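Heads up: the structure comes next, in structure tokens.
In this text, all values refer to a predicted model and were calculated from it rather than measured experimentally.
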Amino acid sequence: VPASTGPATTTTTLASSASPATAGATITWTATVTGAAPTGTVSFRNSGTPISSCGAVPVIGTGNARTAACSLSGLAVGIHSIVASYSGDTGNAASTSAALSQVINGAASTTTLASSANPAIAGANVTFTATVTGSMPTGTVNFTDGVTSISGCGAVAVAGFGSSRTAACSTSSLGAGSHSIVANYSGDAGNAASASASLSQGVIVASPVATTTEVSSSRNPASVGARVTFTATVTGSMPTGTVNFTDGVTSISGCGAVAVAGFGNRRTASCSTRRLAVGIHNIVASYGGDATNAASSSAPLSQFTY
């Protein structure tokens, strides 16, 4: 009786119909099993996880090299490790293919940008709308002024239906001048990232906003040598710039250009001194204005030092 030689050794190789492929496309992987007229099935895995629709694909064909195919769409953007495993049969040993790197690229997207007002008035709201066109795009848009994200507009969700969707950002923080605005789309599992062309946004001052400046003292009267802090409150349209604190006609030392700080339309600048001589001092806070706000000065504050 001839000695049994056991199952024939097999080899399994794997090929892709398209790699790289675009997200959403249908890809077919074909496993070729070479052995002794192999039958049985082939299972396909994606990065170690069984592909549910391709768990036991029959080997078909004639001769000693036969095939099994698996088709799939919807793979996320990235690189997927595809492996085909042949089950073997009574005459053929099992075998597994080398891993195939399946590359999925995002569908090309385009991003365009529009402004609700160009030029816009300083201090007024302007809305930038990005339109992202791709394969039902999701994700976010970052609106930048130069290289800096516009406050509150760093990750605006894309919304809408169909292949063209939008994201909008409103701001009133742009100062007078020219701004280079860009909408940067993040991309998603099915769409590549894209950026709009730069939009030159002009911001003008129709006429300076009238401001008021008030000054107060932390202690009045104060003893000679005591620390006195003067606080100027500037009311306008989100005023910036500086305040000059004067005693009579002379700037108080160290208080000639104190930056306005805070938020909203009512902001402050403070100055401290220990150098007030005995007597009555007429303290005035003079706001220098900015691109949007007119200059203004407080009424004199009578500061008593004894």
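- Grouping the Ile, Leu, Val, Met, Phe, Trp and Tyr side chains by contacts below 4.5 angstrom, directly or via other members, places Val203 with Leu199.
- Here the side chain of Asp89 pairs no donor or acceptor atom with the backbone of Pro38 at under 3.5 angstrom.
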>> side-chain contact (heavy atoms from CB on, under 4.5 Å) for Val284 and Asn282? Distances and angles first, verdict last.
In response: CA-CA 7 Å; Val284 173; Asn282 288 319; 5.5 Å; no

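- Remark: the backbone N or O of Ala285 is paired with a side-chain donor or acceptor of Ser298 at under 3.5 angstrom.
- Using modelled atom types, one side-chain atom of Ser19 and one backbone atom of Val103 make a donor-acceptor pair closer than 3.5 Å.
- A donor atom on one side chain and an acceptor atom on the other are not found under 3.5 Å apart for Ser97 and Thr12.
- Annotation: side chain of Val141 is in contact with side chain of Val158 (closest heavy-atom distance under 4.5 Å).
- The same ILVMFWY cluster, assembled from side-chain heavy atoms under 4.5 Å apart, contains both Val42 and Leu100.
- Residues Ile104 and Ala76 approach most closely at CB-O, 3.4 Å, considering heavy atoms.
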>> I'd like to know whether Arg267 forms a side-chain contact (heavy atoms from CB on, under 4.5 Å) with Val234, so could you lay out the CA-CA distance, the side-chain angles of the two residues, the decisive distance to 0.1 Å, and finally the verdict.
In response: CA-CA 5 Å; Arg267 303 183 181 185; Val234 180; 5.5 Å; no

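- Using a 4.5 Å heavy-atom threshold, the side chains of Ser223 and Tyr306 count as touching.
- Rounding to the nearest 0.5 Å gives a distance of 6.0 Å between OG1 of Thr211 and CG of Asn293.
- Rounded to the nearest 0.5 angstrom, Thr171 OG1 and Phe128 CZ are separated by 7.5 Å.
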>> Is there a side-chain contact (heavy atoms from CB on, under 4.5 Å) between Thr305 and Val228? Walk through the geometry before answering.
In response: CA-CA 10 Å; Thr305 305; Val228 180; over 6 Å; no

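- How far CD1 of Ile181 is from CG of Asn118: 9.5 Å, rounded to the nearest 0.5 Å.
- Using a 4.5 Å heavy-atom threshold, the side chains of Val57 and Thr41 count as separate.
- Counting heavy atoms from C-beta outward, Ile51 and Cys70 have side chains that approach closer than 4.5 Å.
- With a 4.5 Å cut-off on side-chain heavy atoms, Phe230 and Cys255 do not count as touching.
- Here the side chain of Ser116 pairs a donor or acceptor atom with the backbone of Thr127 at under 3.5 angstrom.
- Across all their heavy atoms, Pro137 and Arg165 have their closest contact at O-CD, 3.1 Å.
- To the nearest 0.5 Å, the span separating OG on Ser109 from CG on Asp188 amounts to 8.5 Å.
- Put simply, the side chain of Asn92 does not reach to within 4.5 Å of the side chain of Pro7, judged on heavy atoms.
- Separation of atoms CG (Leu174) and CD (Gln201) is listed at 6.5 Å; rounding is to 0.5 Å.
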> Could you go step by step and tell me if Ser17 and Thr28 meet the side chain to side chain donor-acceptor pair (under 3.5 Å) rule?
Replying inline: CA-CA 5 Å; Ser17 61; Thr28 299; 4.5 Å; no

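- The backbone N or O of Asn142 lies less than 3.5 Å from no partner atom in the side chain of Tyr185, so there is not a single donor-acceptor pair.
- Under the rule for a side-chain hydrogen bond (donor to acceptor under 3.5 Å, both in side chains), the partners of Ser200 that lie at least two apart in sequence or sit in another chain are Ser178.
- Counting only heavy atoms from C-beta outward, the side chains of Thr140 and Val156 never approach each other to under 4.5 Å.
- Residues Ser217 and Ile283 are not in side-chain contact: their nearest non-hydrogen atoms beyond the backbone lie 4.5 Å or more apart.
- Under the 3.5 Å distance criterion, with hydrogens and angles disregarded, no donor-acceptor pair is assigned to the side chains of Ser71 and Thr26.
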> Going through the checks in order, is the side chain to side chain donor-acceptor pair (under 3.5 Å) test met by Ser198 and Ser180?
Replying inline: CA-CA 6 Å; Ser198 176; Ser180 181; 2.5 Å; yes

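- Leu113 and Val182 fall into different hydrophobic clusters, where Ile, Leu, Val, Met, Phe, Trp and Tyr residues are linked whenever their side-chain heavy atoms come under 4.5 Å apart, directly or through other members.
- Within 6.0 Å of atom CD1 in Ile204, more than 12 heavy atoms from other residues, nucleotides or ligands are found, so the atom counts as buried in its surroundings.
- In terms of the side-chain contact (heavy atoms from CB on, under 4.5 Å) criterion, residue partners of Ser43 (sequence neighbours excluded) are, by chain and number, Ser85.
- In terms of hydrophobic clustering, with Ile, Leu, Val, Met, Phe, Trp and Tyr side chains grouped at heavy-atom distances under 4.5 Å, Val126 and Ile150 are assigned to a common cluster.
- Nearest heavy-atom pair across Ala277 and Val224 is C-CG2, 4.5 Å.
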> Please walk me through it: do Ser196 and Thr112 pass side-chain contact (heavy atoms from CB on, under 4.5 Å)?
Replying inline: CA-CA 5 Å; Ser196 72; Thr112 58; 5.6 Å; no

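- In terms of modelled atom types and a separation under 3.5 Å, the side chain of Asn265 and the main chain of Met238 share a donor-acceptor contact.
- Under the 3.5 Å distance criterion, with hydrogens and angles disregarded, a donor-acceptor pair is assigned to the side chains of Ser296 and Thr213.
- Between the CG atom of Asn46 and the OG atom of Ser81 there is a distance of 8.0 Å, given to the nearest 0.5 Å.
- The side chain to side chain donor-acceptor pair (under 3.5 Å) pairs that include a residue from residues 227-240 are Thr229-Ser272, Thr231-Ser270, Thr235-Arg266, Thr240-Asp290, where partners are two or more places apart or lie in different chains.
- Taking every heavy atom of both residues into account, Ala8 and Ala36 meet most closely at CB-CB, 3.9 Å.
- For Ala210 against Ala294, the heavy-atom pair with the smallest separation is CA-CB, 4.5 Å.
- Of all non-hydrogen atoms in Ala18 and Gln102, the two that sit nearest each other are O-NE2, 2.7 Å.
- At distances below 3.5 Å, not a single donor-acceptor pair connects side-chain atoms of Asn191 with backbone N or O atoms of Gly106.
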